[in-house]
Number of protein chains: 2
Amino acid sequence: MATIKDIAAKLGISISTVSKGLNGASDVSSEMRQLILDTAVEMGYTTKRMKKDAYKKLCVFVANINYESPSDFGYEVVLGFKQAASRDNWNINIMQLTKEFQAQEKYDTYMLKNGYSGSFILCLSPDDPWFEQVSGTKISTALFDSYIKKNSHVAYVGTDSSEGIEDAIDHLTHLGHTKIAFINGNRPSMVTEQRGEAYYDSMRAHQLPINEKLIAYASYHQDELSKCSGQIVENLLKEGATAIACATDMIAHQTIRECKKLGYRVPEDVSIVGFDDIPISAYTVPPLTTIRQDRIELGKSGYMALLSLMNHVSISKNLLRPQLIIRNSTEKVVDK
Amino acid sequence: MATIKDIAAKLGISISTVSKGLNGASDVSSEMRQLILDTAVEMGYTTKRMKKDAYKKLCVFVANINYESPSDFGYEVVLGFKQAASRDNWNINIMQLTKEFQAQEKYDTYMLKNGYSGSFILCLSPDDPWFEQVSGTKISTALFDSYIKKNSHVAYVGTDSSEGIEDAIDHLTHLGHTKIAFINGNRPSMVTEQRGEAYYDSMRAHQLPINEKLIAYASYHQDELSKCSGQIVENLLKEGATAIACATDMIAHQTIRECKKLGYRVPEDVSIVGFDDIPISAYTVPPLTTIRQDRIELGKSGYMALLSLMNHVSISKNLLRPQLIIRNSTEKVVDK
């Protein structure tokens with residue numbers, strides 16, 4: 001473990017300057033402070049603050065997902081994490097992780113200068129500036145719905161997407177559907193990839209032919225989703241789809257709206273299955289058949305994985321089972 | 001939750017007979033006892049004994065793997081489980097799970113009549129009689145290196161095999177090897193499948209051609225392994241392999257012996273990589289380059305997964321990172 005003395009020796013500056021830099025004293029320039037922090041990270045230095053129980057701090061970063069209202073997908077994931085971590089007396093800060101913020105701050109440096117012992121990051125995307133930085137970090141980091149290879153300080157927590165999509169396709173085939181379309185989320189995204197592969201595998205498992213025209217990509221973001229979904233849904237229905245599996249509940253609800261606009265009834269003319277079971281899905285017209293992700297438990301799993309990493313147990317993946325919730329947006333196929 | 005009264009009503013017998021059957025009283029025939037236990041399991045009845053702290057009991061079943069000596073792969077997995085579970089005051093029994101035993105006893109019934117709250121099963125194979133029974137169980141069950149679909153009472157714990165094989169192939173390609181053979185374990189086995197797929201994926205990732213003649217299947221069992229490995233290793237060397245990745249350390253050690261018999265030096269003529277890092281692998285001649293599975297942590301993960309299941313959190317998969325351990329059985333390829 002490097003000491004302040006080692007950092008001072010490496011930079012050829014005094015120990016007191018290093019100390020001031022680490023503690024953010026005003027008489028050290030911001031450039032010098034950045035250099036000291038970067039060197040401290042590079043040399044594996046940990047501040048004493050981090051070790052003292054009174055200052056035990058974790059950070060939850062939220063990117064590419066809504067979490068502020070109880071109806072948002074991320075809300076309960078963050079809540080579950082806080083519930084589990086609070087029991088162990090951690091102080092927890094929640095940060096919105098914009099691309100601008102990522103461009104300004106380096107991950108390791110930010111964690112060190114703020115005295116965080118570890119973090120839980122929701123939905124870091126491969127095109128996020130921090131993705132590469134987290135790939136090389138030595139700070140314990142649990143990722144929700146994102147996977148980084150070969151870094152024993154980083155764990156991936158999520159729902160078993162493959163089994164979820166399999167549940168959806170199994171349910172639709174039991175209802176007699178064979179022309180099952182799939183509207184996936186946007187790319188690049190590990191979850192999009194997993195769900196796409198699971199669609200192929202499940203269709204094959206039921207000996208159903210794959211028609212590439214029945215596969216479409218929408219978005220996890222409401223704005224983009226509203227823009228693209230009209231044309232997507234129209235194309236799938238023209239292609240003869242009697243059922244549409246969707247990668248999220250938000251996509252499913254938008255799809256139901258588009259079907260209605262085009263004069264199709266749900267579920268009489270077309271069955272729709274979502275993924276997530278966000279709170280509103282039980283109350284829409286019709287109530288949505290979907291694949292539930294237990295978000296409170298996902299948050300708790302995030303904490304358990306992070307705790308393991310901080311104790312030098314290198315969790316790679318920690319996945320929860322999805323659960324099929326049958327409501328009224330799916331029905332037996334009608335021969336036309 | 002069913003009561004003794006419900007079981008009595010269903011079977012049309014007295015409550016006292018049901019009670020005697022559940023408690024193994026001698027004046028109830030063994031056939032009647034079996035019927036009562038089967039009905040209790042079917043109706044989801046839990047004995048009071050299970051709920052009382054003093055009788056808190058878990059069972060570790062061990063099949064298809066050695067665990068009795070500290071040099072056995074299973075030893076530390078069982079130990080890690082016991083260490084973690086003992087802290088929560090569980091009583092733990094260890095059972096050898098032979099095929100004969102599985103044929104005599106039903107899983108659910110056995111668990112219920114012995115008052116076990118849950119179990120950890122090492123290396124249940126798809127051709128084990130209990131595999132199907134565990135697939136349908138409602139008793140919390142954590143499986144080491146074995147996966148059951150769509151049962152929210154069963155979790156899979158293991159090492160990320162894909163990343164392990166990728167580490168092995170990456171290491172060999174960095175040393176310049178291109179003719180890399182792979183000796184896998186026996187089938188049917190989920191781990192064999194995973195490692196086989198990972199070999200294909202890793203070779204492709206390095207743009208190396210796949211030669212099916214460089215892929216062989218040996219065995220996880222020493223007796224069968226000794227029988228088949230001579231011919232296997234000879235064939236791979238004839239095919240021009242300069243490196244052999246093995247699915248276990250036992251296979252790797254046997255492969256080194258066969259190479260020596262055939263006049264090949266390890267690592268000068270052929271590099272060998274194992275998988276597991278069993279205790280002897282550091283002391284063999286040459287010491288073995290291998291992929292470490294942290295067995296103590298795997299056992300602890302097994303307990304954490306089981307604890308989650310008993311608390312109605314349906315863990316699907318809990319995987320740990322493998323770790324490449326470079327010793328002396330691998331070396332740079334020599335141009336011939």
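Throughout, protein chains are lettered first and strands after them, A, B, ... in sequence-line order, and every chain is numbered starting at 1.
In this structure, the portions of Asn318(A) lying under 4.5 Å from any heavy atom of chain B include both its backbone and its side chain. Heavy atoms closer than 4.5 Å to chain B are found in the backbone of Asn151(A), but not in its side chain. For Glu166(A), the parts sitting under 4.5 Å from any heavy atom of chain B are the backbone and the side chain alike. In this structure, the portion of Asp170(B) lying under 4.5 Å from any heavy atom of chain A is its side chain and not its backbone.
Interatomic distance, OG of Ser308(A) versus CD of Glu297(B), reported as 8.0 Å (0.5 Å rounding). Atom CD1 of residue Ile315(B) and atom OG of residue Ser301(A) lie 5.0 Å apart, to the nearest 0.5 angstrom. Here the straight-line distance linking atom NZ of Lys317(A) with atom CZ of Arg321(B) works out to 8.5 Å at 0.5 Å rounding.
The main-chain N or O of Lys150(A) is found under 3.5 Å from a side-chain atom of Glu163(B) such that the two form a donor-acceptor pair.
Nearest heavy-atom pair, Ser316(B) versus Asp160(A), reported as atom, atom and distance to 0.1 Å: OG-OD2, 3.1 Å.
A 6.0 Å sphere centred on CD of Gln83(A) holds more than 12 heavy atoms belonging to other residues, nucleotides or ligands.
Note: Leu320(B) leads Asp294(B), Thr159(B), Leu324(B), Leu320(B) in heavy-atom pairs under 4.5 Å with chain A.
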